[in-house]
Amino acid sequence: MLHAGLALEPLSGALAAGNAVVLKPSELAPSTAALLAANIPRYLDAEAVKVVLGAAEVGQELMEHRWDKVLFTGGARVGRIIMTKAAKHLTPVALELGSKCPCIVDWLDSKRDSQVAVNRIIGAKWSTCAGQACIAIDYILVEEQFAPILIELLKSTLERLITKPEDMARILNERQFNRLSGLLEDHKVSRSIVHGGDVDPKILSIEPTILLNPPLDSDVMTEEIFGPLLPIITVKKIEESIEFVSSRPKPLAIYAFTTSEALKQRIVRETSSGSVTFNDAIVQYGLESIPFGGVGQSGFGQYHGKYSFEMFSHKKAVFRRSLEFMFRYPPWSDDSKLGMLRHVFRYDYVSLFLALLGLRR
């Protein structure tokens with residue numbers, strides 16, 4: 001139902017700001033699209049909200065029209081198409097795109113802290129849509145010495161929490177299943193599997209899969225995974241993870257599990273991302289009090305709560321006046337006029353007021 005939330009969250013802000021809305025759900029999630037099409041007309045005025053169903057060509061046809069604003073959620077490839085078509089009418093666009101969201105895991109002080117971190121990593125990667133979420137953890141960065149401990153904790157916790165395929169969501173469709181399966185077919189990538197890797201095309205299921213140091217130039221490390229595969233990349237010192245993240249396209253979210261305040265400050269100061277979450281993951285999406293959105297290749301424009309209202313609003317300046325000041329008109333040979341203009345440009349309104357009264361300050 002994350003897809004439904006991505007549609008309804010900005011819809012509520014747009015309506016609150018006084019707009020009429022055309023909503024096109026993704027054809028890649030047909031059940032959710034059908035749910036929205038069937039229920040939105042039951043509860044909202046059909047004159048205010050119109051749900052349009054269809055494939056990609058329907059979306060392209062919609063973009064031929066002139067809109068006051070367009071919000072698109074999806075991948076960078078389609079995002080570029082949306083922007084290109086919007087440019088025809090100079091339509092402002094907000095994009096919420098996917099990305100490779102990194103998770104920095106520092107050496108944690110206690111067994112309990114480590115277990116809590118692993119529970120939350122599993123929840124953020126495999127419990128929510130089997131990793132099929134734009135804010136899901138895409139890969140982990142961890143020190144070499146801590147990697148074996150982290151992997152064993154992940155494996156033992158996965159075996160306890162996910163005991164059968166039905167415990168995890170299926171892959172969205174056959175095309176996505178084939179794409180994810182294809183990532184594992186690269187023999188250099190398959191050699192890096194330390195847990196999982198089983199796939200079942202009959203039920204579109206892929207086992208939670210952990211990869212240790214797959215090639216950085218492989219598709220699994222250059223494309224958004226959007227599925228239940230989790231690469232773990234090791235570094236000598238955890239501080240090196242900051243440079244690693246900063247050298248790549250800006251992600252929608254950065255997650256970090258650490259008790260080091262110095263590391264937290266460096267991550268905030270030295271990286272660029274839509275958001276940063278410490279000692280948890282994905283939960284920031286549910287907070288109405290903070291903005292949600294990307295930066296750079298992960299998108300632009302922010303919504304959620306009041307930010308949705310502001311995104312679909314225009315702050316129109318309205319200025320009224322009645323007094324007339326003749327000093328604003330030529331000729332400029334009059335020194336008193338020039339003096340008054342100087343007071344205006346210096347924002348020295350006390351001197352201006354005194355000059356209008358014929359007094360000097």
Just wondering, are more than 12 heavy atoms of other shown residues or ligands nearer than 6.0 Å to [atom1] in [X]?
X	atom1	result
Glu288	CD	yes
Arg248	CZ	yes
Tyr349	OH	yes
Phe325	CZ	yes
Glu61	CD	no
Arg269	CZ	yes
Arg321	CZ	yes
Asp68	CG	no

Just verifying a value: how many Å separate [X] [atom1] and [Y] [atom2], rounded to the nearest 0.5 Å?
X	Y	atom1	atom2	result
Ile104	Ile267	CD1	CD1	4.0 Å
Leu158	Ile151	CG	CD1	12.0 Å
Ile233	Met221	CD1	CE	4.0 Å
Leu211	Ile225	CG	CD1	7.5 Å
Cys134	Phe226	SG	CZ	7.0 Å
Leu23	Leu11	CG	CG	6.0 Å

Item to check | Closest heavy-atom pair and its distance - Ser308, Tyr303 | outcome: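 In terms of heavy atoms, the two residues are closest at OG-CB, 3.3 Å.
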
Next on the checklist: Quick check: closest heavy atoms across Met311 and Ala94, and the distance to 0.1 Å?
Outcome noted: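 So the two residues come closest at SD-CB, 3.7 Å.
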
Can you name the side chain to side chain contact (heavy atoms under 4.5 Å, CB included) partners of [X], sequence neighbours left out?
X	result
Tyr329	Glu324, Met326
Glu64	Lys85, Lys88
Ala20	none

Is there a side-chain contact between [X] and [Y] (heavy atoms, below 4.5 Å)?
X	Y	value
Thr157	Ile121	no
Ser114	Leu153	yes
Glu144	Lys236	yes
Val58	Glu27	no
Phe257	Val142	no
Leu97	Phe72	yes
Pro102	Pro251	yes
Leu252	Cys101	yes

Next on the checklist: If you apply the rule side-chain contact (heavy atoms from CB on, under 4.5 Å), what do you find for Leu212 with Thr234, and how did you get there?
Outcome noted: CA-CA 8 Å; Leu212 179 60; Thr234 60; 4.0 Å; yes

Checklist entry - Step by step, would you call Arg175 with Leu28 a side-chain contact (heavy atoms from CB on, under 4.5 Å)? => result CA-CA 10 Å; Arg175 187 181 74 177; Leu28 299 179; 3.6 Å; yes

Item to check | Phe177: which of Ile206, Ile203, Leu172 passes side chain to side chain contact (heavy atoms under 4.5 Å, CB included) | outcome: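 Going through Ile206, Ile203, Leu172 one by one, the side chain to side chain contact (heavy atoms under 4.5 Å, CB included) with Phe177 is satisfied by Ile206 alone.
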
Between [X] and [Y], is there a donor-acceptor pair closer than 3.5 Å when you use the side chain of the first and the backbone of the second?
X	Y	value
Ser190	His187	yes
Thr209	Gly197	yes
Arg120	Ala281	no
Thr258	Asp106	no
Ser12	Glu9	yes
Lys125	Gly227	yes
Asn19	Ala14	yes
Lys100	Val220	yes
Glu143	Ile238	yes
Thr277	Asp280	no

Checklist entry - Salt bridge check: are Glu261 and Lys264 linked by an N-O gap of less than 4.0 Å? => result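 Yes, charged N to carboxylate O under 4.0 Å.
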
Item to check | Full working for side-chain contact (heavy atoms from CB on, under 4.5 Å) between Trp67 and Val22 | outcome: CA-CA 10 Å; Trp67 306 100; Val22 172; 3.6 Å; yes

For residues [X] and [Y]: do they belong to one hydrophobic cluster (side chain heavy atoms under 4.5 Å, members Ile, Leu, Val, Met, Phe, Trp, Tyr)?
X	Y	result
Leu6	Ile135	yes
Leu141	Ile242	yes
Met168	Leu180	no
Leu229	Ile140	no
Leu44	Leu36	yes

Item to check | Check against side-chain hydrogen bond (donor to acceptor under 3.5 Å, both in side chains), Arg42 and Asn39 | outcome: CA-CA 5 Å; Arg42 294 176 58 191; Asn39 286 280; 3.1 Å; yes

Next on the checklist: Test of understanding: with side-chain hydrogen bond (donor to acceptor under 3.5 Å, both in side chains), list the residues that count as partners of Glu270, not counting sequence neighbours.
Outcome noted: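 Arg266.
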
Next on the checklist: Please enumerate all residues that pass side-chain hydrogen bond (donor to acceptor under 3.5 Å, both in side chains) together with Ser127, with sequence neighbours excluded.
Outcome noted: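 Checked Ser127 against side-chain hydrogen bond (donor to acceptor under 3.5 Å, both in side chains); zero matches.
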
Item to check | Centroid-centroid under 6.0 Å between His304 and Tyr285 rings | outcome: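 Yes; Tyr285 has its ring centre under 6.0 Å from that of His304.
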
Next on the checklist: As a quick check of understanding, evaluate side-chain contact (heavy atoms from CB on, under 4.5 Å) for Ile290 and Phe292, giving each step before the final call.
Outcome noted: CA-CA 7 Å; Ile290 59 176; Phe292 177 78; over 6 Å; no

Next on the checklist: Per the salt bridge (charged side-chain N to carboxylate O under 4.0 Å, His left out) rule, what does the pair list look like for residues 153-164, sequence neighbours excluded?
Outcome noted: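 Sorted result for residues 153-164: Glu152-Lys155, Lys164-Asp167.
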
Item to check | Check: Asp200/Ser205 side-chain N/O donor and acceptor closer than 3.5 Å | outcome: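 Asp200 vs Ser205: no donor-acceptor pair found between side chains.
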
Next on the checklist: Can a side-chain donor-acceptor contact be found between Gln176 and Arg179 if the only test is distance below 3.5 angstrom?
Outcome noted: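 Side chains of Arg179 and Gln176: pair found under 3.5 Å.
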
